[in-house]
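From a predicted model like this one, the values you see are computed outputs, not experimental measurements.
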Amino acid sequence: MAAGWSNWAGTERVTPARVVTPASADEVSMAVKDAVRDGLAVKAIGSGHSFTGAALAPGVQIRPDALDGVVSVDHESGLVTVEAGIPLHQLNPMLLRHGLAMEILGDIDRQTIAGAVSTGTHGSGRSFGTTSTQLRGLELVLADGSVVTCSADERPELFEAARTSIGALGVITKVTLQCVPLYALQVVDAPMPVEEVFERFDELVAAADHFEFFWFPHTTTALTRRFTRLPADTELKPLSKLGRAIDDKLVTNVAFDALLRFGTRVPRAIPGITKFVTKAVTAREFTDHAPYVFASERNVRFKEGEYAVPPAAAVDALREIKRWIDKTGEKVSFPFEVRYVKADDIPLSVAHERDVVPISFHQYHRMPHETFFGACEDVFGAAGGRPHWGKMHRLDAAALREIYSRFDDFVSLRDRLDPTGVFANPYLDRVLGPAPQSTSEARR
């Protein structure tokens, strides 16, 4: 029996029956075949930054540490192939050295590239989709141990679904990304009355290449972020090391964690803490290369849920949850994060066939979250929202089938590729339904 494993947030824990660290697709194939022989299920993990049990591996846990190489970089086309276990915080500097960048990134870069695309990670911007929309090819190991490649021209049905698959179709071993020439971002961080942000949300989204805002429920101020894309040779005006240390490390990490520890013991202090933190995060402007802008350091541990709501319903939904918090007096220690994502054609993408406004809700990991998260799911679900695959939610296959028009197409493909549930686990059984020939023993 291997040592115990937990995800970053501490919301999921497991002690795998076996742990393997393959260095090639062939070694992944061998691990899958060995697992099938021994009646064990298989799951590949990334960096453990999902809040759900998507990567939980009671049977064989595949760790991607040795699958982190760069396979090829084509400067002319921008196509870059890397092994699936490379973390984004290593991938982005490599691309920068080649004068390239990912078109869009989320605000955390600890994930592996395979984990990011498998769960539908996204950033924010009216003209930009999820990370998965940048995929141009995949290499996977299927349930029978075969190593296959897929793209829009090769096994297109598999490629279409595997771009966001929650690990249900196979173990991703390589990805090919469509990268773009390196670019800079001009950043304007500024506080704004939250009611003004609500009133002007569509305008603010349309006026910036990337727009998002954070709002602590017990305050009347939103912290807005507006990014403008600029050529890579633009004169850079990055944050000073001291400025970054004060704002990103001291205020939003060290001091914030200390305050929230106190708030955990004295819940009535939470509204005052959130007001203090909102005032302490100052307005600022700077310009830097994109990889140094999109992601920020997150050391304070939290639990997170997220629903992607239709744009027309987003502001009303936020006002509804504000009324609930004000009425109940629920103490919420973390901000809502509100972004915008362009529609795509990926069957299990939260942005499938429609633009969406993802609304993330959080709670400090030491504080109770169940009542607050339940209210958020009620409100954002009633607004037509879809839950993020890597963040906490309570929906099952029956509920998800109602909000994904191609849900059954995806499940049918899963059932053909993995009829016995080699890649199943309790989370996938809940959100997709069990594989047709699986048994509890096969899913150990």
Side-chain angles (χ1 to χ4, degrees), residues 7 43-55 84 87-88 91 102-125 128-136 138 140 158-170 172 175 177-178 212 294-295 304-311 337-361 377 380-381 384-393 395 397 399-401 403-407 409-411 413-414 423 427-428 430-432:
N7 63 349
K43 293 305 295 180
I45 63 166
S47 60
H49 230 287
S50 287
F51 296 82
T52 69
L88 295 177
L91 172 62
M102 293 184 68
E103 183 180 51
I104 183 69
L105 288 163
D107 60 5
I108 295 176
D109 62 3
R110 300 296 102 179
Q111 309 99 315
T112 62
I113 183 60
V117 299
S118 292
T119 56
T121 294
H122 60 83
S124 186
F128 303 93
T130 69
T131 304
S132 298
T133 62
Q134 300 169 69
L135 287 173
R136 295 297 179 268
L138 290 168
L140 303 94
L158 174 59
F159 178 68
E160 178 184 56
R163 287 176 292 170
T164 296
S165 66
I166 340 171
L169 303 181
I172 299 174
V175 304
L177 296 164
Q178 178 63 69
E212 63 181 309
F294 280 125
E304 182 175 6
E306 179 182 293
Y307 272 62
V309 175
E337 181 180 12
V338 183
R339 292 175 280 180
Y340 197 105
V341 176
K342 181 182 176 181
D344 61 44
D345 62 351
I346 302 171
L348 288 193
S349 168
V350 295
H352 182 241
E353 295 184 334
R354 71 184 191 194
D355 288 6
V356 290
V357 174
I359 303 174
S360 301
F361 43 96
E377 290 203 64
F380 302 142
R386 296 167 177 157
H388 191 297
W389 297 110
K391 299 177 185 180
M392 299 171 72
H393 69 92
L395 299 192
L400 291 162
R401 178 173 286 107
I403 56 179
Y404 282 96
S405 63
R406 298 197 56 199
F407 185 86
D409 292 340
F410 182 94
V411 172
L413 178 63
R414 187 280 309 261
F423 299 122
Y427 177 77
L428 291 183
R430 173 166 70 88
V431 300
L432 298 178

Taken to the nearest 0.5 Å, the spacing of Asp344 CG from His352 NE2 works out to 7.0 Å
So, using ring-ring contact (aromatic ring centres under 6.0 Å, His included) as the criterion, who are the partners of Phe51 when residues are at least two apart? Phe302
Judged by atom type as modelled, is there a donor-acceptor pair below 3.5 Å linking the side chain of Arg386 to the main-chain atoms of Ala308? no
Give the intermediate values and the outcome of side chain to side chain contact (heavy atoms under 4.5 Å, CB included) for residues Met102 and Leu88. CA-CA 10 Å; Met102 293 184 68; Leu88 295 177; 4.2 Å; yes
Looking only at the aromatic ring of each residue, does the gap between the centers of Phe410 and Trp389 stay below 6.0 angstrom? no
Between CG on residue Leu138 and CD1 on residue Ile172, distance to nearest 0.5 Å: 5.0 Å
Say you draw a straight line from CD1 of Ile346 to OG1 of Thr130; how long is it, rounded to the nearest 0.5 Å? 4.5 Å
Atom pairs and distances, side-chain donor-acceptor, residues 103-115, under 3.5 Å, sequence neighbours left out:
{"unit_1": "Asp107", "atom_1": "OD2", "unit_2": "Arg298", "atom_2": "NH2", "d": "3.0"}
{"unit_1": "Thr112", "atom_1": "OG1", "unit_2": "Gly115", "atom_2": "N", "d": "3.0"}

Distance from Ser124 atom OG to Phe294 atom CZ, nearest 0.5 Å? 9.5 Å
Identify the two heavy atoms, one from Ala162 and one from Leu140, that lie closest to each other, and give their separation to 0.1 Å. CB-CD2, 4.3 Å
Sequence neighbours excluded, the answer for salt bridge (charged side-chain N to carboxylate O under 4.0 Å, His left out) partners of Lys391 is Glu304, Glu306
Is the Phe361 ring parallel, tilted or perpendicular to the Phe380 ring (thresholds 30°, 60°)? tilted
Arg401 meets the salt bridge (charged side-chain N to carboxylate O under 4.0 Å, His left out) criterion, sequence neighbours left out, with Asp408
From CZ (Arg414) to OG (Ser165), nearest 0.5 Å: 11.5 Å
Suppose we screen for salt bridge (charged side-chain N to carboxylate O under 4.0 Å, His left out). Which residues come up paired with Arg163, at least two apart in sequence or across chains? Asp345
Name all residues meeting the side-chain contact (heavy atoms from CB on, under 4.5 Å) criterion together with Gln178; count only those two or more places apart in sequence or in a different chain, and write none if there are none. Leu79, Arg136
CD1 of Ile403 to OH of Tyr307, rounded to nearest 0.5 Å, is 7.0 Å
Applying side chain to side chain contact (heavy atoms under 4.5 Å, CB included), run through Val431 and His393 and close with a yes or a no. CA-CA 10 Å; Val431 300; His393 69 92; 3.8 Å; yes
